[in-house]
Amino acid sequence: MENLYANITEILILLFILITFLQSGIDKATDWKGNTGWLKEHFSGTFLAGQVPLMVGIIMIIEIITGFAAILGAIWLIAYNDPTIALYSCILAAITLLMLLFGQRVAKDYAGAFTITGYFVVVIFGVFLMS
């Protein structure tokens, strides 16, 4: 329990990452057609229009890996007081958010891009704490 209390901020950030990324990755997997259909429209008229299924697949895989890394990171923090896996989860989350930000900017969805900023701040704080 000592490690839980000593790392509570880090664990809460990892829970945020877990909920955000694992849910998003599972949603992409379970509603592939709906997600790719919406994104094909979102990216129509951009140079990314023909790449939507590939992009969704890459993002989905990284989101699921990030979520599982957050679970393992929290366990490692509690059991061993070791932030290594937690840091990897935060870095993967940051990279994923940068990819999503790039896509939103290309699609000229500036409100969507702005929304990503809030997630990014939390994740970068996690990188800071765990590095």
Side-chain angles (χ1 to χ4, degrees):
M1 285 308 249
E2 182 180 322
N3 289 342
L4 173 65
Y5 297 127
N7 295 295
I8 194 66
T9 305
E10 293 87 341
I11 291 166
L12 290 171
I13 289 170
L14 291 168
L15 289 173
F16 175 86
I17 289 170
L18 167 65
I19 292 165
T20 301
F21 288 89
L22 191 59
Q23 184 277 323
S24 182
I26 290 170
D27 180 57
K28 286 175 181 64
T30 58
D31 187 20
W32 180 264
K33 190 174 183 178
N35 278 283
T36 55
W38 183 83
L39 287 167
K40 283 179 183 177
E41 177 66 29
H42 192 65
F43 287 108
S44 65
T46 72
F47 70 94
L48 297 174
Q51 304 301 317
V52 168
L54 176 64
M55 292 187 311
V56 173
I58 290 169
I59 294 291
M60 177 188 69
I61 290 167
I62 295 172
E63 285 176 337
I64 292 170
I65 291 170
T66 301
F68 281 115
I71 294 168
L72 286 175
I75 291 168
W76 247 245
L77 277 170
I78 294 166
Y80 308 111
N81 200 29
D82 181 358
T84 306
I85 298 172
L87 175 61
Y88 293 151
S89 178
C90 290
I91 291 169
L92 278 173
I95 291 168
T96 304
L97 289 169
L98 289 171
M99 287 190 266
L100 294 171
L101 177 68
F102 177 75
Q104 295 293 64
R105 298 292 297 186
V106 168
K108 294 183 175 30
D109 181 357
Y110 301 116
F114 180 73
T115 302
I116 292 170
T117 303
Y119 292 96
F120 193 73
V121 169
V122 173
V123 167
I124 287 301
F125 187 58
V127 170
F128 173 76
L129 286 177
M130 295 177 223
S131 61

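Fair warning: this is a prediction, and the values are worked out from it, not measured in the lab.
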- [ ] Kindly write out the residues that satisfy side-chain contact (heavy atoms from CB on, under 4.5 Å) with Phe68, not counting sequence neighbours, or none if the list is empty.
- [x]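 For Phe68 the side-chain contact (heavy atoms from CB on, under 4.5 Å) partners, ignoring immediate neighbours, are Leu22, Ile64, Ile71.
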
Open item on the list: Trp38: which residues meet the side-chain contact (heavy atoms from CB on, under 4.5 Å) condition with it, sequence neighbours left out?
Closed with: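 In terms of side-chain contact (heavy atoms from CB on, under 4.5 Å), with neighbours along the sequence ignored, Trp38 is linked to His42.
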
At what distance, to the nearest 0.5 angstrom, does [atom1] of [X] lie from [atom2] of [Y]?
{"X": "Tyr5", "Y": "Ile78", "atom1": "OH", "atom2": "CD1", "value": "11.0 Å"}
{"X": "Leu100", "Y": "Ile59", "atom1": "CG", "atom2": "CD1", "value": "4.5 Å"}
{"X": "Phe120", "Y": "Leu101", "atom1": "CZ", "atom2": "CG", "value": "8.0 Å"}
{"X": "Asn81", "Y": "Glu10", "atom1": "CG", "atom2": "CD", "value": "9.0 Å"}

Open item on the list: Applying side chain to side chain contact (heavy atoms under 4.5 Å, CB included) to Ile62 and Met99, what does each step give before you reach the verdict?
Closed with: CA-CA 11 Å; Ile62 295 172; Met99 287 190 266; 3.4 Å; yes

Indicate, with yes or no, if [Y] and [X] share a hydrophobic cluster defined by side-chain heavy-atom contacts under 4.5 Å among Ile, Leu, Val, Met, Phe, Trp and Tyr.
{"X": "Phe114", "Y": "Leu98", "answer": "no"}
{"X": "Val106", "Y": "Tyr110", "answer": "no"}
{"X": "Leu97", "Y": "Val121", "answer": "no"}
{"X": "Ile95", "Y": "Leu72", "answer": "yes"}
{"X": "Ile116", "Y": "Ile19", "answer": "no"}

What's the shortest heavy-atom distance between [X] and [Y], and which atoms?
{"X": "Ser89", "Y": "Ile17", "result": "OG-CG2, 3.7 Å"}
{"X": "Phe43", "Y": "Gly103", "result": "CE2-O, 3.1 Å"}
{"X": "Ile85", "Y": "Gly73", "result": "CG2-N, 3.6 Å"}
{"X": "Trp32", "Y": "Gly57", "result": "CH2-N, 3.5 Å"}
{"X": "Cys90", "Y": "Val123", "result": "O-CG1, 3.1 Å"}
{"X": "Leu129", "Y": "Ile13", "result": "CD1-CD1, 3.9 Å"}

Task: Distance-only donor-acceptor check, side chains Lys28 and Ser24, under 3.5 Å - done: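 Yes, Ser24 and Lys28 have a side-chain donor paired with an acceptor closer than 3.5 Å.
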
Taking C-beta and beyond as the side chain, do [X] and [Y] meet within less than 4.5 Å on heavy atoms?
{"X": "Met60", "Y": "Asn35", "result": "no"}
{"X": "Ile91", "Y": "Val127", "result": "yes"}
{"X": "Phe21", "Y": "Thr96", "result": "yes"}
{"X": "Leu39", "Y": "Met55", "result": "no"}
{"X": "Phe125", "Y": "Thr9", "result": "yes"}
{"X": "Leu12", "Y": "Ile8", "result": "yes"}

TODO: Go through Leu14 and Met130 one step at a time and tell me if the side chain to side chain contact (heavy atoms under 4.5 Å, CB included) criterion holds.
DONE: CA-CA 11 Å; Leu14 291 168; Met130 295 177 223; 4.2 Å; yes

- [ ] On the 0 to 90° scale, with breaks at 30° and 60°, tag the Phe102-Phe47 ring pair as parallel, tilted or perpendicular.
- [x]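 The rings of Phe102 and Phe47 stand perpendicular, inter-plane angle above 60°.
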
TODO: Flag yes if more than 12 heavy atoms outside Phe16 fall under 6.0 Å of its CZ atom; otherwise flag no.
DONE: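 Enclosed: over 12 neighbouring heavy atoms sit under 6.0 Å from CZ of Phe16.
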
Task: Sidechain-backbone polar pair: Asn7 side chain, Asn3 backbone, donor-acceptor under 3.5 Å - done: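 Judged by distance alone, yes, a pair lies under 3.5 Å.
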
